[in-house]
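To find a chain, count down the sequence lines: A is the first, B the second, and so on, and within it residues start at 1. Because the structure is a prediction, the values reported are computed rather than measured.
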Amino acid sequence: MGRHLVFLEQREGRLKDASLDLLSRVREMAGLRGEGPIAAVLAGPVDEGMLPAAAGTLYHAADPSLGLYGREPYAALVEEAVRREGAAEVYFAEGALSADLAPLLSVRLRAALLGGCGGPDGCLRPVYSGAALAGFRPDAEIRIHSVASSAGRQERGGGEPMRVVELPVSAGADPGPVLRELVMRVGLADVGEARVVVAGGRGVGGAEGFRLLEELASLLGGAVGASRAAVDLGWRPHAEQVGQTGRSVSADLYIACGVSGAVQHLAGIARAGTVVAINTDPHAPIFAVADYGFVADLHTALPAFIEAVRELRK
Amino acid sequence: MEIAVCVTLVPDTASVIGFRDGALDTSRISEVLNPYDEYALEEALLMRERQGDATVRVFSVAPASKKPLLQKALAMGADRLVIVEGPESCDPWQTASILREAFRAVYGEAVPELVLCGRESTDFRSGEVPGMLATLLGVPSLSGVTKLEAAPDGTLRLEREIEGGLERFEARLPILLSAEKGLNTPRKTSMKGVMEARKKPVEVLSARDVPEPRVSLESLRPAERHKECRMAGDVRELVRLLRKGEVL
């Protein structure tokens with residue numbers, strides 16, 4: 001019986017990095033507190049060899065019908081795992097799925113829900129467009145944590161895979177919305193999950209200008225991000241928007257090109273690692289939150305920068 | 001058809017979020033409808049236009065003194081406004097419970113066919129009220145919807161962005177949906193709309209039997225983000241600095 005239960009998310013048979021990172025963070029925390037081993041729960045089949053290595057129990061419903069997300073069946077599975085394990089702390093990696101499941105489960109389990117937390121241990125969340133940081137205190141027997149990813153790769157740990165307990169699929173009354181199609185983007189990584197993000201703002205000058213950013217992102221194995229201005233001007237899709245009304249990045253390296261650094265944009269990079277800013281305006285607010293800055297026009301600076309990175313990679 | 005939209009007021013993005021004596025300085029904050037709630041309301045109005053016979057009722061947990069600000073929802077085209085006065089709280093569980101009670105007061109044991117909320121409020125950003133309210137109402141829900149199409153047979157086709165891709169769903173009413181940016185472009189209010197809003201019915205309820213909060217605010221402090229920025233004179237120096245910092 002473990003106190004801590006981590007929900008692992010798979011898409012198309014692959015466990016998400018964000019889930020595995022969270023599992024590592026929770027395992028480390030539980031270890032330090034002497035509260036290990038931890039447990040995990042997983043819905044849907046995963047590819048051979050994907051199961052994580054960690055001491056503890058993995059509650060797994062491998063039925064193919066759970067391959068695609070379904071609100072009721074997934075919720076029923078987590079409830080069952082919480083009950084069997086007697087877990088008091090339940091963790092989700094923050095994302096589209098946790099946004100659905102965590103509130104639902106908090107009502108059913110009479111749990112306190114700590115959303116958007118910076119870590120599994122305590123809950124700090126940027127609020128008011130990122131201008132402030134709020135700490136929250138739970139008051140319930142069971143606590144559900146939805147944890148944002150942050151910069152820094154986690155040790156995955158090694159050894160034996162988790163002990164698997166197969167769980168049956170429980171047929172809920174009303175499955176709710178039925179997922180008919182999952183369309184994963186190919187090519188560049190997701191802006192919220194990438195280790196490197198190259199982001200552009202109004203200074204990029206147009207949709208064409210983002211080619212340079214794509215080139216650099218692809219060279220660094222990262223994703224392209226965009227400021228609200230760039231998205232509102234129709235240069236990039238909303239899925240790439242970084243900031244308060246967009247995504248939060250957890251990249252180790254964030255390169256902001258022609259991004260002024262409005263408060264609402266900064267809200268999205270609070271959990272990024274190293275921030276590099278390239279902007280023509282030396283007084284742009286982005287420099288106040290950057291580790292490295294370069295006052296220049298990105299249209300001349302980026303090609304030279306890309307060339308230099310290419311040289312390094314040789 | 002009954003359509004309910006839940007809205008809240010948040011500080012305008014142009015407001016200065018400052019602190020005075022360790023507390024939030026509210027003197028320089030002006031409040032507006034939460035931007036995500038405007039997407040929710042717009043979608044409700046579009047649904048009413050398609051359906052013909054539908055009532056769009058807007059719910060908000062707020063002091064009655066906020067009525068003039070909330071009337072913007074009526075000016076956009078909602079039919080009725082219900083303000084629920086309750087304790088000042090940032091606990092989504094309390095807010096969802098208060099809304100659930102307000103729905104009961106208005107609709108009895110029936111549940112509106114469609115409930116729309118914003119994905120999150122831009123102040124506390126928990127994004128939890130919609131999913132909790134759906135569970136309390138006993139209806140399915142989907143968060144962060146970016147596309148909604150209603151087929152003639154009543155089936156809803158929904159889309160939402162997920163990490164690295166998108167999901168397409170089929171769903172039926174009743175349902176609660178939370179709106180993400182991109183779902184639509186909220187209409188502007190017209191002078192005529194503003195005039196008409198003044199004549200539309202506003203109901204003020206007060207929340208009773210509010211449950212104990214499950215989450216409370218422990219601390220609130222200004223975000224300290226200032227970093228020491230090392231400036232490079234040219235690309236070569238930038239690369240050198242990044243290599244030295246083991247970033248590249």
Side-chain angles (χ1 to χ4, degrees), chain A residues 71 95-96 99-100 103-104 106-108 112-116 125-140 174 176-185 190 192-193 238-239 244-245 253 264 266 270 274 276 287-295 301 304-305 308-309 312, chain B residues 11 13 17 24 35 92-93 122-128 130-132 134-136 140-144 146 158 160-171 175 181-182 212-223 225-227 229-232 235-236 238-239 241-242 245 247-248:
Chain A
R71 181 178 182 265
D100 272 1
L104 165 72
S106 77
V107 174
R108 296 221 178 126
L113 174 51
L114 296 164
R125 177 166 86 222
V127 294
Y128 293 115
S129 311
L133 205 57
F136 296 94
R137 184 181 55 240
D139 187 11
D174 180 358
V178 177
L179 179 53
R180 291 292 183 206
E181 203 181 353
L182 172 65
V183 187
M184 298 306 282
R185 276 190 301 275
D190 177 67
E193 301 184 333
H238 174 251
Q244 175 205 293
T245 47
L253 175 59
Q264 77 89 24
L266 303 183
T274 305
V276 178
F287 288 119
V289 300
D291 300 276
Y292 302 97
F294 182 29
V295 179
F305 188 68
V309 173
L312 282 178
Chain B
T13 38
I17 307 284
L24 194 67
W93 162 244
T122 56
D123 51 2
F124 275 90
R125 305 186 46 245
S126 79
E128 294 160 8
M132 289 179 177
T135 312
L136 289 171
S141 73
L142 191 68
S143 61
T146 49
L158 306 166
R160 69 162 170 181
E161 288 163 2
I162 57 163
E163 305 83 63
L166 68 87
E167 290 177 331
R168 295 200 175 98
F169 290 87
E170 255 176 44
I175 195 166
K181 184 181 178 185
E212 288 297 306
R214 290 180 182 167
V215 170
S216 45
L217 187 66
E218 194 170 42
S219 63
L220 185 67
R221 57 183 161 87
R225 270 198 302 257
H226 191 83
K227 288 181 175 176
C229 186
R230 309 188 57 176
M231 301 303 285
V235 168
R236 190 191 301 264
L238 181 64
V239 172
L241 286 173
L242 293 180
V247 180
L248 273 185

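- For chain B, the nearby parts of Leu179(A) are the backbone and the side chain; heavy atoms of each come within less than 4.5 Å.
- Heavy-atom pairs under 4.5 Å with chain A peak, among Gly144(B), Ala171(B), Ser143(B), Pro35(B), at Ser143(B).
- Residues Arg214(B) and Val107(A) approach most closely at NH1-CA, 4.4 Å, considering heavy atoms.
- For Leu312(A), the part lying under 4.5 angstrom from a heavy atom of chain B is the side chain only.
- For a residue to count as touching a neighbouring chain, one of its non-hydrogen atoms must lie under 4.5 Å from one of that chain's; by this rule Arg125(B) touches chain A with backbone and side chain alike.
- Both the backbone and the side chain of Leu220(B) have a heavy atom closer than 4.5 Å to some heavy atom of chain A.
- Looking at Pro213(B), the atoms closer than 4.5 Å to chain A (heavy atoms on both sides) all sit in the backbone: N, CA, C or O.
- Within a 6.0 Å radius of CZ in Arg236(B), other residues, nucleotides and ligands contribute 12 heavy atoms or fewer.
- Residues Phe294(A) and Phe305(A) keep their aromatic ring centres 6.0 Å or farther apart.
- Looking at Leu248(B), only its side chain comes within 4.5 Å of chain A, counting heavy atoms on both sides.
- Of the two parts of Leu217(B), the backbone and the side chain both hold a non-hydrogen atom closer than 4.5 Å to a non-hydrogen atom of chain A.
- For chain B, no part of Gln264(A) is nearby; none of its heavy atoms comes within less than 4.5 Å.
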